[in-house]
Chemist: 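Before we start, here is the structure in question, set down as structure tokens.
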Amino acid sequence: MPATTVPRDTSVAVSGTGDSVRVGVGGRKGDIETTVKYKAKDSIRFEIQNRIADLYRESSINYGDMSLDAARITIDYSKNIITAEGQADSTGRVQGRPYFKNGAEAYQAGRIAYNIKTKRGRITDAVTQQGEGYVHAEVVKKNELNEIFGRNGRYTTCNLEHPHFYINATKMKVIPGQKVVTGPFNLSIGDIPTPLGFLFGYFPTPGKTRASGLIFPTFGQAADRGFFLRNGGFYWAANEYIGVRVTGDIYSGALEQWGGFNVTTELSYRKRYAYDGRLGFDYAERPSQPLLRSDAVNTNPNTITRFTPRTFWLNWSHTPVARPGGGRFSANVRTGNPEYNFQNSLNERNYLTPAFNSTISYAKQIRNSPVNYNITASQDLNTQTGTINATLPDVSVGVARQYLYELLGLSSQGKWYEQLAAAYTFTGQSRFSNTEAARTLTNGVPLLGGTTTGRTLPISLNNLSPLLRNNQLSLNHRFDIALGSYPVLKHLNFTPSVSYGESWYLKRLDYTYVEAARAVRIDTLRGFNRVYNASAGASLQTNIYGTIVRKGTRKIQAIRHRLSPSLNYSYSPDFTKNENLYDLNVLPAELIDPTTGKVYLNRDFSRFQGFGGNIPSGIEVNQISFAVQNQIEMKVRNSNDTTGTEPFKKVSLIDGLDFSSGYNFADTLHMRQGLAGSLRTQVAQKLNVIVSSAFSFYQRDTLGRDINKYLWQQANPRLARLNNASVNLTYQFDSSQKRRQPANAAPLAPNNNPALGSPVPIDPYADYVDFTIPWTLSASANAFYQSPGPVPRGQPMPRAWSAVSLNLNGQLKLTDKMRVGYSTGYDFISKQVSFTSLDFYRDLHCWQISGNWWPFGQRQGFNVTIGAKSSLLQDLKLNRNRTFLNR
């Protein structure tokens, strides 16, 4: 449409481009505060007397932060009202439905009337998105605060024009970015009303920042603890750095006995460019025995018949951001009652893990100095035995290697003595354990107050005294002296070394033979004790390369073999005659061992046994050892190269084929070390093979001990005997030649996962599934062989293959919306299926079904959850389960 000249109107101001109409601003200021820009594809009709403009076909208006697109738009300047609506085509279908945007808010509607002065509007057949949710309403009124009041509204998280489900309410108020509040409502699924509803509805719609709110529980029934409400509580967003989540479970019990409760508290924190972490504490209280007992006979050895009434678990992870010259504080803590995960956890990893390690440390490199230090507190928890070993504190101070010529202020001139250097390390450890070891001496020597078995002490204030008595304190100093590295015969590299260390203790053991009891008494004496240790050594090593290059254009262009032999010598003196280390000749010479009828061979005992630190082994070491490492690789033509930039690629045939042995001149069994061999290779970049073995050169007596006779000296001579060997095979199968990064699949809803109570969205496939690949399979086979040796007459022959197992895990993508994961294994020795889990996930657009099935073992059962995918409606779900907690 050609441009049209319009008489000046001083009350309004409009502008446009192309086929638009432009009216200049007059002398006085009107109700419209800024320029109105509008245009239309078909035509613009302007009524001067009535001050009305009509825009036809693909019309649009922009006024400040407001924009409007529709098939037809009418502007009434006298009333400051804009109206918009769609138009029906020849088939009766409405085209160009109004799309209204005001700041961050957007609306799709059937008809819109908006006052640009008061910023109020009336919208019919409106659809607007609020956070993750969508609001549908027959009539919507919008005020100047952008608050929305709807009549006959529907709230849903389904993004379809006709949603699969919605919450239906006659009255609704929306405060953008904050919440949606309704009057009485009910849930409709597939346009079918359900009786699920309430007198009012409250649905938070947080923006980009976190928001506080309630966490609604899951209800159900546990066979051993009664009806329950599980995983209900509150999330508090304290500020942009800290969030606190408190949830709990409560059980009704049976008759007069209460079923107990669980409380989970989690604190997450983050400071950008500094650190982030998560601190969680779980406490559970339950009856010591199942409340609902059965008269049926149960012979399953995995059935839990008694529980620990009160258990707790602590998780803490703190990760700093590394900064040059700054200290680094980090923490990784997982500790609590050994029975907690067995009784309460629905997490398979925590349930199957036999031991947990916790560490808190602070490390710092002193700026412009070779000194660094590290302070650590650590704990090892064995959930099967209940053993807890803690080191508090563990302090280490190190001085990096210092060259002597630099310390003396000499300049570098390339002399041999410039390679002389020394390094120092100090470590101090205080160790605690709740396990008291058996009080025995070697070779069965009788001991006063001795016991053949140890005991594990529960952690409590009542056992504080014996726990403190178990404390072992050691202070260690180590000096490493580098004497340089020198070439020998051009191709050999000779490296000598010397080391010296000391360990300091505040107590020691004294041994006294009591004739009346014909046993040994051990006394602990307090005082400062100094133990030293020294050793020296030298190494000679080189690399030998052999290469075969094939001429012409061939698939295999070259093969290279790298051989790395090394010869090492080590020496440390005999400390067995040092009275500061050993209490000598404790036993009388005529004391006879009643089991053998001979005099006791071992008559000396260590004064610092079990104290930790760097205690010398005692016997002299004067040993030569050698090692040979082999690596074979080949260069092959790259068939995938089409540009000529990478015509060849390297392929490893053998990653490592290694052998090592030694000869100790100071030992009666000079080759006690035997021969060790290992093989590491990869076949077709899929099959990983690791084989290790240990051989002995000596004959054995009837008790299986090595004697000073070589195997080649027996009637049927042979070079060596296989003592033990292990084989590990791992193969990665998938349906594609090249693994791809996973696509952005629809995530599982937080807290809708069967692992109830977990505040973190957990995808059961995330650890091993690539959703872009139709199927994957990871297979791992392990076997361990131990030579049974001679067996006394009448005794059963021990099993040579002590461990043989096969483990499988992977996933299968049945459709674009359906995935199944699995994890299982088989122990060929016990002839039992190991822990097996089958997981599935089905995407139902705005809903999801996820589940787990554990067909065998203690955790036998299933868990199926169907729920809304959106985190806003994460409590809109239905869960059915049967696990070890509610059989």
Side-chain angles (χ1 to χ4, degrees), residues 387 389 391 427-457 463 465-477 501-535 572-621 666-669 672 703 705:
T387 301
N389 297 315
T391 303
T427 57
Q429 295 180 338
S430 179
R431 299 180 179 179
F432 298 87
S433 177
N434 70 332
T435 299
E436 291 186 343
R439 290 177 53 84
T440 59
L441 292 177
T442 57
N443 295 336
V445 175
L447 176 66
L448 286 177
T451 58
T452 57
T453 59
R455 64 168 182 162
T456 301
L457 302 174
N463 294 325
S465 179
L467 290 174
L468 293 177
R469 283 199 304 268
N470 270 353
N471 174 44
Q472 305 294 344
L473 176 65
S474 64
L475 305 175
N476 306 292
H477 309 266
E502 288 191 6
S503 295
W504 295 351
Y505 303 96
L506 300 182
K507 60 183 179 180
R508 72 173 189 178
L509 303 177
D510 269 14
Y511 302 83
T512 304
Y513 178 73
V514 181
E515 180 63 33
R518 299 184 65 81
V520 176
R521 184 184 71 239
I522 302 179
D523 298 315
T524 302
L525 304 182
R526 304 290 176 176
F528 176 76
N529 299 273
R530 169 177 165 269
V531 177
Y532 71 92
N533 189 10
S535 62
S572 61
D574 184 4
F575 292 94
T576 57
K577 304 306 179 184
N578 188 334
E579 293 186 356
N580 292 328
L581 283 173
Y582 291 87
D583 205 341
L584 307 177
N585 298 320
V586 175
L587 303 180
E590 66 277 3
L591 189 64
I592 303 298
D593 185 352
T595 59
T596 62
K598 298 180 181 180
V599 177
Y600 284 102
L601 297 178
N602 188 8
R603 316 177 70 81
D604 307 328
F605 304 101
S606 172
R607 296 186 184 273
F608 307 99
Q609 181 179 0
F611 285 8
N614 298 320
I615 301 177
S617 59
I619 62 174
E620 178 184 2
V621 175
D667 193 351
T668 55
L669 300 178
R672 189 191 298 269
L703 298 179
R705 299 174 299 187

Chemist: If the plane angle is over 60° it's perpendicular, under 30° parallel, otherwise tilted; pick one for F608 and Y505.
Modeler: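 Because their plane-to-plane angle is under 30°, the rings of F608 and Y505 count as parallel.
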Chemist: Answer yes or no: is there a donor N or O on one side and an acceptor on the other, between the side chain of N529 and the main chain of G527, under 3.5 Å?
Modeler: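 Pair found, side chain donor or acceptor close to backbone of G527.
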Chemist: With a 4.5 Å limit on heavy-atom distance, are the side chains of D510 and R607 in contact?
Modeler: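 Yes; the side chains approach each other to less than 4.5 Å.
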Chemist: What pair of heavy atoms forms the shortest contact from R672 to D667, and how long is it?
Modeler: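 Closest pair (atom of R672, atom of D667, distance): NE-OD2, 2.7 Å.
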Chemist: With Y513, which residues qualify under ring-ring contact (aromatic ring centres under 6.0 Å, His included), at least two apart?
Modeler: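 Applying ring-ring contact (aromatic ring centres under 6.0 Å, His included) to Y513 gives none.
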Chemist: Rounded to the nearest 0.5 Å, how far does CG of D523 lie from CZ of R508?
Modeler: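 So the gap between those two atoms works out to 11.0 Å.
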Chemist: Apply side chain to side chain contact (heavy atoms under 4.5 Å, CB included) to S535 and list each qualifying residue two or more places apart in sequence or on a separate chain.
Modeler: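 S535 satisfies side chain to side chain contact (heavy atoms under 4.5 Å, CB included) with S499, S572 only.
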Chemist: Side chains of Y532 and N580, heavy atoms from C-beta outward: is any pair under 4.5 Å?
Modeler: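 Side chain of Y532 against side chain of N580, heavy atoms only: no contact under 4.5 Å found.
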Chemist: Distance from D583 atom CG to L509 atom CG, nearest 0.5 Å?
Modeler: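 Answer rounded to 0.5 Å: 9.5 Å.
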Chemist: How long is the span from the CG atom in L475 to the OG1 atom in T427, to the nearest 0.5 Å?
Modeler: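 One gets 8.0 Å once the value is rounded to the nearest 0.5 Å.
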Chemist: Please report the interatomic distance CG(L525) to NZ(K507), rounded to the nearest 0.5 Å.
Modeler: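 Between L525 CG and K507 NZ, I get 11.5 Å after rounding to 0.5 Å.
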